[in-house]
Amino acid sequence: MGPVVLRFATTRRFSRAYLLIAVVGAAGCVFLLIDRSFYDSADQFRAAVECPDTNSTQCYQLYPGVIDAVRIVQTSGGPEAPVDVTSQGTTHHVTLLIADADESLLKPGAEVRVEWYTGNIASILLGDRIFPTSENPAGPHPNFAFVGGVLIWMAAMFGVIMLVNRRAAGAVARMQVLPTKQQVQTLAASPQLLSYGTGWIVRARPTELIVLPFALALVALASEWPLMNRDHGVAGLIGEAVLLTAAVVRLLLTLLNNRFTIDRTTVAVTDWLGRTKQWPLETVATAVLGSVRAFGWWIPAIVFIGRDGAYLLVRTSMFWKPDEILAACVTAGLPVGLAGDDFKIVLPISPQYRLLALAIVLAELALLAISILPGPPANLPVPPATH
């Protein structure tokens with residue numbers, strides 16, 4: 001019963017984590033939808049025409065009025081003018097959104113036109129000037145898009161971490177597998193012609209640890225793009241497309257060029273740029289299947305150990321099938337084995353990759369800002385002064 005309870009607890013813990021990630025992502029979508037509703041309301045207001053229906057979003061009404069009192073208030077978003085305006089026999093208190101140059105125009109006793117929209121005063125018209133109120137649908141609103149975008153990307157990021165971590169843990173738990181006799185025999189019967197002789201080639205291939213981040217990044221983009229700031233979303237989408245295209249090109253070059261080669265005399269690897277590095281087989285003592293820490297996760301990997309005990313080469317399961325590499329090693333006559341529980345290596349990350357990761361993070365933050373910021377502008381255009 002013990003193992004069953006442990007598996008159940010682990011599953012429940014993962015389920016709660018995934019549920020929390022889903023809730024965060026859904027909350028981000030809600031914030032984006034709320035932000036988009038403000039823009040939709042502004043569009044409806046701009047398209048409205050003068051008509052008597054006070055409840056329709058397609059109609060506004062204009063009535064004469066007089067400013068009774070006015071004062072100027074400086075806020076963090078700019079100057080505002082709380083005013084008392086009398087129209088239709090009733091005095092109303094509204095807050096006008098103004099610029100610094102407009103302060104001298106607003107005076108008690110000034111005759112104005114009052115614009116009503118769905119039961120609220122949307123703006124005050126003084127001559128040819130339009131002063132939107134704080135109730136104006138085309139005025140400023142809280143920047144919920146920024147909050148929503150951050151929540152969606154947080155959900156995507158933690159979703160990647162959870163899924164990759166679970167897959168990596170499962171791969172380590174299942175790694176006590178050496179190549180079968182049939183794999184070795186099949187590989188031995190099909191040697192390939194190499195530039196320096198006859199041997200065996202194992203090519204890189206995509207795995208879940210590589211595909212999952214790409215998939216979740218696309219899901220995050222697809223869910224966020226329709227709700228981005230419509231004034232800057234295209235620039236953000238173009239930037240994301242450039243980054244994603246660069247990542248896809250890098251992945252394709254890896255799958256095209258990256259390969260492991262072994263024959264009776266040489267072990268060689270070719271990187272994603274087509275550069276090859278070789279080791280004489282006589283300098284390699286063994287190849288062992290063990291755990292290495294790469295990019296924060298413990299994952300299965302083949303480690304080639306030299307006769308002096310040094311680690312010559314590491315091929316992780318992110319791009320390679322360990323059993324295929326081990327089968328090629330057995331076929332070429334190189335001893336293979338399983339590493340002990342204490343055999344764990346932390347792969348160093350080169351300064352170039354650290355700088356690249358930092359550049360990608362900064363680029364993503366910049367694109368997020370472009371896609372969602374700046375916040376909703378103050379004093380957005382209102383319907384023409386003719387109404």
Side-chain angles (χ1 to χ4, degrees), residues 168 171-172 174-211 249-295 297-339 343-350 353:
V172 171
R174 297 189 303 268
M175 76 177 185
Q176 305 297 319
V177 179
L178 291 176
T180 64
K181 183 178 180 180
Q182 181 179 3
Q183 284 180 300
V184 175
Q185 291 176 342
T186 301
L187 195 63
S190 56
Q192 301 182 48
L193 184 62
L194 308 176
S195 60
Y196 47 83
T198 300
W200 297 268
I201 299 176
V202 179
R203 294 189 176 275
R205 60 183 61 190
T207 64
E208 283 183 316
L209 296 181
I210 299 298
V211 175
V249 170
R250 172 68 165 84
L251 177 61
L252 292 177
L253 287 175
T254 296
L255 299 178
L256 179 64
N257 294 328
N258 210 0
R259 58 188 180 274
F260 169 84
T261 306
I262 188 170
D263 63 8
R264 306 289 183 182
T265 61
T266 307
V267 174
V269 290
T270 304
D271 65 13
W272 66 283
L273 291 175
R275 299 171 300 190
T276 300
K277 187 175 182 180
Q278 299 179 353
W279 292 266
L281 192 60
E282 61 186 18
T283 63
V284 184
T286 184
V288 297
L289 175 62
S291 298
V292 300
R293 187 176 180 85
F295 305 104
W297 291 287
W298 289 105
I299 56 178
I302 306 298
V303 180
F304 292 81
I305 303 175
R307 297 195 178 277
D308 58 356
Y311 301 138
L312 302 179
L313 174 65
V314 178
R315 298 286 88 177
T316 71
S317 60
M318 294 181 68
F319 280 105
W320 309 90
K321 293 194 67 174
D323 56 344
E324 289 185 1
I325 292 181
L326 290 177
C329 292
V330 172
T331 306
L334 179 66
V336 301
L338 295 172
F343 183 87
K344 292 184 177 180
I345 304 173
V346 177
L347 293 181
I349 302 177
S350 67
Y353 274 103

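Atoms CG and CG, on N257 and L252 in that order, are 10.5 Å from each other to the nearest 0.5 Å. Annotation: the span from I201 atom CD1 to T270 atom OG1 amounts to 8.0 Å, rounded to 0.5 Å. Distance check, rounded to the nearest 0.5 Å: CG of D263 to CG of L334 gives 11.5 Å. Separation of atoms CG (L312) and CZ (R307) is listed at 10.5 Å; rounding is to 0.5 Å. In this structure, CG in L255 is found 10.0 Å from CZ in R250, a value given to the nearest 0.5 Å. Annotation: the span from L326 atom CG to T331 atom OG1 amounts to 10.5 Å, rounded to 0.5 Å.
Residues forming a side chain to side chain donor-acceptor pair (under 3.5 Å) with T316 (at least two apart in sequence, or on another chain): none.
Residues L289 and V336 have side chains not in contact (no heavy-atom distance under 4.5 Å, counting atoms from C-beta outward). Two residues are said to be in side-chain contact when any heavy atoms from C-beta on lie closer than 4.5 Å; W200 and T261 fail this criterion. Side-chain atoms of R315 and V202, non-hydrogen and from C-beta on, never get closer than 4.5 Å to each other. Under the 4.5 Å side-chain criterion, counting only non-hydrogen atoms from C-beta, I302 is not in contact with W320.
Shortest non-hydrogen contact noted between Q278 and T266 is CB-CG2, 3.9 Å. Counting all heavy atoms, side chain and backbone alike, T286 lies closest to G337 at OG1-N, 4.5 Å. Nearest heavy-atom pair across A287 and C329 is CB-SG, 4.2 Å.
Legend: ring-ring contact (aromatic ring centres under 6.0 Å, His included) pairs involving residues 251-273, not counting sequence neighbours, sorted by first then second residue: F260-F304.
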